[in-house]
Participant: 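Sharing a structure below in structure tokens format, with a few things to ask.
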Amino acid sequence: MTSATPITLTVPLECGGLRLDQALQRMLPEHSRSRLQAWIKDGQITMAQQPVTSKLKVWGGEKLEIMLQPVPQQQAFVAEDIPLDIVYEDDHILVINKPAGLVVHPAAGNWQGTLLNGLLHHAPALGQLPRAGIVHRLDKDTSGLLVVAKTLAAQTSLVRQLQARTVKREYRAIVWGQVWRNGKVDQPIGRHPHARTKMAVNRQGKPAVTQYEVLERFAVHTYMRCLLQTGRTHQIRVHMQHLQAPLVGDGVYGIRGILPLRAMTPELRTAVSGFERQALHAIRLGLIHPHTGEAMEWQIDLAQDMKDLLEAMRQAPEVAEEAYVYDPELDGWDEDDEELDDEDDLEDDLELVDDAELEDDDDEPSTPVHPA
């Protein structure tokens, strides 16, 4: 159902004396009262072709005209012709180079135009698998490699590999500040104690480990390699902020309006201000093939926008007298500014493909969306 469907209902006598929204809830129990009230407010429910209100009393026998709107979730598993950059494909797995800006899985605010919709167009049989074969995610504005299962057996194997932490995931990141040595962030991650839409280093969170290596150092930035040992929601973004080296372009965990302008040339300021996503790219992926048992690995080029940003940093002379230091108290972040788009790593909320065989180590599993 892709457009409004008109229906006519007669208010039954047993609903006499009720408010219209209460009567509608009895007549249409599959819809919540808040949704029915929204339909009334939007003029989708009329009586004798006249608008009505939720508080209107009904006495039975009234004729209601309702323009039933499709529920967004009902359109989530619809195939859409979305171009896919396929790095590898066989009968069992599919490896995608996801561009920045593409949501992986449908969720509130993004029920269409996702990678899942494109996968269903490319391989309709994926509609028979939980989450259409998706076993892990990348944030909407993170680019790079992502693996999708094409069979239930492959999906089970990949889930087990993710849980066993044997899937190799390497990222490239451009961060604020000068990081001087290689190291590891071993800090648990959970919900931010005060900002419901953020994650944070939290002692009550789940174990999270990120190894990092300095590749290049500039006047006020560092280019890094990050290796995930775990896969928590926004792990690299949170750990880099904890390291006081937040990602360039990160509107949630990065710098908001406080930039070391005196430490950058005008050209570099332009390049940095024009970079409108977090500078994070999943460049390498390694796993055991779920059917053959062969160790496989893929590596792709750095995303072009990150290449351009690095080149601008290489061309800029070091004009800073002192290294720039990130102050987390001055990042200017406001909880109301940003809503999470649920583009977290699915290792945090895996829907296991065979509950009889596998256990979910997530103590707060999300409710999966299935095809209607």
Participant: To the nearest 0.5 Å, what is the distance between CG on Leu28 and CG on Leu9?
Facilitator: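 The distance works out to 5.5 Å.
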Participant: Just how far is it from atom NE2 of His92 to atom CG of Leu158, taken to the nearest 0.5 Å?
Facilitator: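 Reported value, rounded in 0.5 Å steps: 11.5 Å.
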Participant: Using a 3.5 Å distance criterion without hydrogens, assess whether the side chain of Arg269 forms a donor-acceptor pair with backbone atoms of Met264.
Facilitator: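 Yes.
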Participant: What orientation do His221 and Trp176 show, parallel under 30°, tilted 30 to 60°, or perpendicular over 60°?
Facilitator: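 Ring orientation of His221 relative to Trp176: tilted.
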Participant: Would you say NZ of Lys184 has more than 12 non-hydrogen atoms from neighbouring residues, nucleotides or ligands within 6.0 angstrom?
Facilitator: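 At most 12 heavy atoms, drawn from other residues, nucleotides or ligands, come within 6.0 Å of this atom.
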Participant: Kindly check if the number of other-residue, nucleotide or ligand heavy atoms within 6.0 Å of NE2 (His192) is above 12?
Facilitator: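 Atom NE2 in His192 is crowded, with more than 12 foreign heavy atoms closer than 6.0 Å.
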Participant: Would you please indicate yes or no on a ring centroid separation below 6.0 angstrom for Tyr171 and His281?
Facilitator: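 Distance test on ring centres: not under 6.0 Å, no.
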Participant: Could you walk me through whether Leu146 and Val148 pass the side-chain contact (heavy atoms from CB on, under 4.5 Å) test, one step at a time?
Facilitator: CA-CA 7 Å; Leu146 179 145; Val148 176; 3.6 Å; yes
Participant: Check each of Leu120, Leu138, Ile82, Leu84 against Leu115 using the side chain to side chain contact (heavy atoms under 4.5 Å, CB included) test, and report the only one that passes.
Facilitator: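 Looking at Leu120, Leu138, Ile82, Leu84, the match for Leu115 under the side chain to side chain contact (heavy atoms under 4.5 Å, CB included) is Leu84.
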Participant: So, the side chain of His234 versus the backbone of Met199: is there a donor-acceptor pair under 3.5 Å, distance only?
Facilitator: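 Side chain of His234 to backbone of Met199, a donor-acceptor pair under 3.5 Å: no, none is there.
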Participant: Is a side-chain N or O of Lys98 found less than 3.5 angstrom from the main chain of Leu102, in a donor-acceptor match?
Facilitator: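 Pair found, side chain donor or acceptor close to backbone of Leu102.
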Participant: Does the Thr114 side chain pair with the main chain of Leu116, one donor and one acceptor, at a distance under 3.5 Å?
Facilitator: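 Present.
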Participant: May I ask you to check whether over 12 heavy atoms, not counting those of Arg181, lie within 6.0 Å of atom CZ?
Facilitator: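 Incorrect, the count does not exceed 12.
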Participant: Just by modelled atom types, is the Pro130 backbone N or O under 3.5 Å from a matching donor or acceptor in the Gln155 side chain?
Facilitator: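 It does hold such a pair.
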Participant: Counting only heavy atoms from other residues, nucleotides and ligands, does the tally under 6.0 Å from CD of Glu276 exceed 12?
Facilitator: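 Incorrect, the count does not exceed 12.
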Participant: Is the number of heavy atoms from other residues, nucleotides or ligands under 6.0 Å of Arg26 CZ greater than 12?
Facilitator: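 Counting neighbours around CZ of Arg26, 12 or fewer heavy atoms of other residues, nucleotides or ligands fall under 6.0 Å, so no.
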Participant: On the 0 to 90° scale, with breaks at 30° and 60°, tag the Tyr88-Trp298 ring pair as parallel, tilted or perpendicular.
Facilitator: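 The rings of Tyr88 and Trp298 sit tilted, inter-plane angle from 30° to 60°.
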Participant: For Gln304, I'd like to know if atom CD has over 12 heavy atoms of other residues, nucleotides or ligands within 6.0 Å.
Facilitator: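 Counting neighbours around CD of Gln304, more than 12 heavy atoms of other residues, nucleotides or ligands fall under 6.0 Å, so yes.
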Participant: Closest approach of Ser54 and Gln37, non-hydrogen atoms and distance?
Facilitator: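 Here Ser54 and Gln37 meet closest at OG-CG, 3.7 Å.
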Participant: Please test Glu216 against Arg314 for side-chain contact (heavy atoms from CB on, under 4.5 Å), starting from the C-alpha separation and ending with a verdict.
Facilitator: CA-CA 9 Å; Glu216 285 185 78; Arg314 291 173 183 136; 2.4 Å; yes
Participant: Hey, could you give me the CZ/CD1 distance between Phe218 and Ile174, rounded to the nearest 0.5 Å?
Facilitator: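 Interatomic distance, Phe218 CZ to Ile174 CD1, rounded to 0.5 Å: 7.5 Å.
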Participant: Looking at Asp42, is its backbone amide N or carbonyl O close enough to the side chain of Gln44 to form a donor-acceptor pair, meaning the two atoms are under 3.5 Å apart?
Facilitator: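 Not confirmed, Gln44 side chain does not pair with Asp42 backbone.
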Participant: For Arg277, run the salt bridge (charged side-chain N to carboxylate O under 4.0 Å, His left out) check against Asp305, Asp141, Asp139 and tell me which one passes.
Facilitator: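 Of Asp305, Asp141, Asp139, salt bridge (charged side-chain N to carboxylate O under 4.0 Å, His left out) with Arg277 is met by Asp305 alone.
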Participant: Quick check: closest heavy atoms across Ala48 and Glu65, and the distance to 0.1 Å?
Facilitator: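 It is N-OE1, 3.5 Å.
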Participant: Which pairs count as side chain to side chain donor-acceptor pair (under 3.5 Å) when at least one residue sits in residues 6-15, sequence neighbours excluded?
Facilitator: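 Passing the test, one end in residues 6-15: Thr10-Lys63.
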